[in-house]
Enquirer: 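Here you go, one structure.
In the text below, chain A, chain B and the rest are named by the order of the sequence lines, each starting its count at 1.
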Amino acid sequence: MEITGYNVAFIAIAAMTVTSAIFVVTLPNILRSALFLMFTFIGVAGLYVLANAEILAAMQLLIYVGAITVLILFAIVLTQQLMGARITQTSRNIVLGGVAAIAVFAFIATTFVSHFSKGSDMIAAQPAVPTSDPLLMIAKMLIQPYVLPFELASFILLVAMVGAIVIAKEDKD
Amino acid sequence: MPPLSWYLYVSAALFALGLFGMMTRRNSIAMLMSIELMLNAANINLVAFSAYLRGHTMVGQMFALFVIALAAAEAAIGLAIVINIYRTVKHIDADEINLMKW
């Protein structure tokens, strides 16, 4: 493994992502978990940039860091008595969960990764650099072959928006 | 440039952590946060394969884009349900929620 700027950046970003993810699932204070979740999302956006997916990194920052984290923080504030004792949370089945998580990680690492990490015809050693403007390519794909999923996604978002309002609305009968 | 396997290791670690959180947390919002971790792990895989597969077509990025859109819808609905449950039973402990109707 040679030491290049890309490799160092990858290791730094991956370490930040995984460390914050560990804090997300172990910290007793749920507000801190939510804030560490934001760092995880930022780290994932950094990994997207290193994989030549800048558009997706921007989407990740806008949607996950900007919207979903704030949504989760709102939900936490609305459902816990802030300043009270209820802000802490307890965990259960830590041994069972840890064993399951380690088993899944070991399974993926041994089968999946070892299969793809040795040289194969399908896997390139270097990530491909887009030949034309990636934003243009994504826009063309959204209009041409993926127009039906695109329209369905907008419909689903509309339904989810209306549904969230209806579900969370206060009942005043 | 980092090899493809590094991305797969990070993604596997994120997925395992999300599974751990899903199994151990009792707070419903913390469980939703774990689901977001697992969705992000899947997205990292999609993006990494999209970059490293020969015949680069950006299809993986497209999939990840749709996954992000669905995750946004899922988070909105899930948190609305959690808020509704909190209003009814005054807690969001997933072990204690056992009523379909109040």
Side-chain angles (χ1 to χ4, degrees), chain A residues 6-7 10 14 17-18 21-22 24-25 30 33-34 37 40 44 47-48 51-53 56 59 63 67-68 71-72 75-76 78-79 89-94 96-98 100-101 104-105 108-109 112-113 116-117 122-124 126-128 137-138 141 146 149 153 156-157 160 163-164 167-168, chain B residues 1-10 12-27 29-30 32-34 36-37 40 43-44 47-48 50-54 56 58 61-62 64-66 68-77 79-84 86-87 92 95:
Chain A
Y6 275 110
N7 285 0
F10 183 95
T17 311
V18 174
I22 291 172
V24 169
V25 293
I30 191 169
S33 294
L37 188 68
T40 310
V44 172
L47 295 181
Y48 290 167
N52 290 334
L56 216 58
M59 295 287 172
I63 296 172
I68 290 189
L71 198 64
I72 288 174
I76 292 170
L78 283 176
T79 54
Q89 51 178 348
T90 50
S91 297
R92 53 158 188 202
N93 292 340
I94 290 181
L96 199 64
V104 166
F105 179 75
I108 298 176
F112 205 56
V113 178
F116 282 110
S117 58
M122 293 169 70
I123 305 296
Q126 302 286 321
M137 281 169 82
I138 283 192
M141 283 172 91
Y146 292 98
I156 284 174
L157 283 175
I167 291 171
Chain B
M1 297 294 243
L4 172 66
S5 56
W6 290 14
Y7 285 97
L8 300 186
Y9 280 122
V10 172
L14 272 191
F15 190 88
L17 283 169
L19 181 73
F20 175 78
M22 197 68 203
M23 288 183 73
T24 56
R25 291 300 207 191
R26 300 168 68 189
N27 187 316
I29 294 178
L32 280 173
M33 282 156 56
S34 303
E36 299 293 341
L37 277 185
N40 267 281
N43 275 349
I44 291 177
V47 171
S50 168
Y52 282 86
L53 273 185
R54 290 189 199 280
H56 179 67
M58 281 187 139
Q61 288 193 36
M62 218 65 216
L65 210 56
F66 286 119
I68 288 179
L70 284 184
E74 173 259 342
I77 293 288
L79 292 171
I81 291 174
V82 168
I83 288 173
N84 201 2
Y86 179 76
R87 248 193 225 116
I92 50 171
D95 281 356

Enquirer: Search all heavy atoms of B:Ala12 against all heavy atoms of A:Ile108 and return the closest pair with its distance.
Expert: CB-CG2, 3.6 Å
Enquirer: What is the minimum heavy-atom distance between B:Ala13 and A:Val18, and which atoms define it?
Expert: CB-CG2, 4.3 Å
Enquirer: Within this structure, what is the CG-CG distance for the pair A:Leu157 and B:Leu70, rounded to the nearest 0.5 Å?
Expert: 7.5 Å
Enquirer: So what's closer than 4.5 Å to chain B heavy atoms on A:Leu78: side chain, backbone, both or neither?
Expert: both
Enquirer: Taking the inter-plane angle between the rings of A:Phe105 and B:Tyr9 on a 0 to 90° scale, is it parallel (under 30°), tilted (30 to 60°) or perpendicular (over 60°)?
Expert: tilted
Enquirer: About how many Å separate CD of B:Glu36 and CG of A:Leu37, when rounded to the nearest 0.5 Å?
Expert: 7.0 Å
Enquirer: Side chains of A:Val25 and B:Thr24: does their closest heavy-atom pair fall under 4.5 Å?
Expert: no
Enquirer: Can you tell which part of B:Met33 gets under 4.5 Å to a heavy atom of chain A, answering side chain, backbone, both or neither?
Expert: both
Enquirer: Give, as side chain, backbone, both or neither, the part of B:Ile44 having an atom under 4.5 angstrom from any heavy atom of chain A.
Expert: both
Enquirer: What is the distance from atom CG of A:Asn52 to atom OH of B:Tyr52, rounded to the nearest 0.5 Å?
Expert: 8.5 Å
Enquirer: A:Asn93, A:Leu56, A:Ile63, A:Thr40: which one forms the most heavy-atom pairs within less than 4.5 Å of chain B?
Expert: A:Leu56
Enquirer: What part of A:Ile138 lies closer than 4.5 angstrom to a heavy atom of chain B: side chain, backbone, both or neither?
Expert: both
Enquirer: Could you check whether any side-chain N or O of B:Asn84 sits under 3.5 Å from a backbone N or O of A:Ile167, counting only pairs where one atom can act as donor and the other as acceptor?
Expert: yes
Enquirer: Do you know which two heavy atoms are closest between A:Thr79 and B:Tyr86, and how far apart they sit?
Expert: O-CE1, 2.8 Å
Enquirer: Is it the side chain or the backbone of B:Leu65 that comes within 4.5 Å of chain A heavy atoms, both, or neither?
Expert: both
Enquirer: For chain A, which candidate among B:Asn40, B:Val82, B:Leu37 shows the most heavy-atom pairs at distances under 4.5 Å?
Expert: B:Asn40
Enquirer: Between B:Leu79 and A:Leu71, which heavy-atom pair has the shortest distance, and what is it?
Expert: CD1-CG, 3.6 Å
Enquirer: Pair A:Val44, B:Asn43 - check side-chain contact (heavy atoms from CB on, under 4.5 Å), show working.
Expert: CA-CA 9 Å; A:Val44 172; B:Asn43 275 349; 5.8 Å; no
Enquirer: Could you look at B:Phe20 and say if it's the side chain, the backbone, both or neither that has a heavy atom under 4.5 Å from chain A?
Expert: both
Enquirer: Does any heavy atom of chain B fall under 4.5 Å from the side chain of A:Tyr146, the backbone, both, or neither of them?
Expert: both
Enquirer: Please check this pair: side chain of B:Arg87 against backbone of A:Ala168, looking for a donor-acceptor N/O pair closer than 3.5 Å.
Expert: yes
Enquirer: Report the option among B:Gly21, B:Ala73, B:Pro2 that has the most heavy-atom pairs separated by less than 4.5 Å from atoms of chain A.
Expert: B:Pro2
Enquirer: Tell me, for B:Leu32 versus chain A, whether the close heavy atoms (under 4.5 Å) come from the side chain, the backbone, both or neither.
Expert: neither
Enquirer: Quick one: what part of B:Leu4 sits under 4.5 Å from any heavy atom of chain A, side chain, backbone, both or neither?
Expert: side chain
Enquirer: Quick one: what part of A:Ala153 sits under 4.5 Å from any heavy atom of chain B, side chain, backbone, both or neither?
Expert: side chain
Enquirer: Counting C-beta onward and ignoring hydrogens, is there a side-chain heavy-atom pair between A:Pro149 and B:Met62 closer than 4.5 Å?
Expert: no
Enquirer: Indicate the atoms forming the closest heavy-atom contact of B:Val47 with A:Tyr48, along with that distance.
Expert: CG2-CE2, 3.7 Å
Enquirer: Return the minimal non-hydrogen interatomic distance between A:Gly163 and B:Ile77, and the atom names on each side.
Expert: C-CD1, 4.1 Å
Enquirer: Rounded to the nearest 0.5 Å, what separation is found between the CD1 atom of A:Ile22 and the CG atom of B:Leu17?
Expert: 5.5 Å
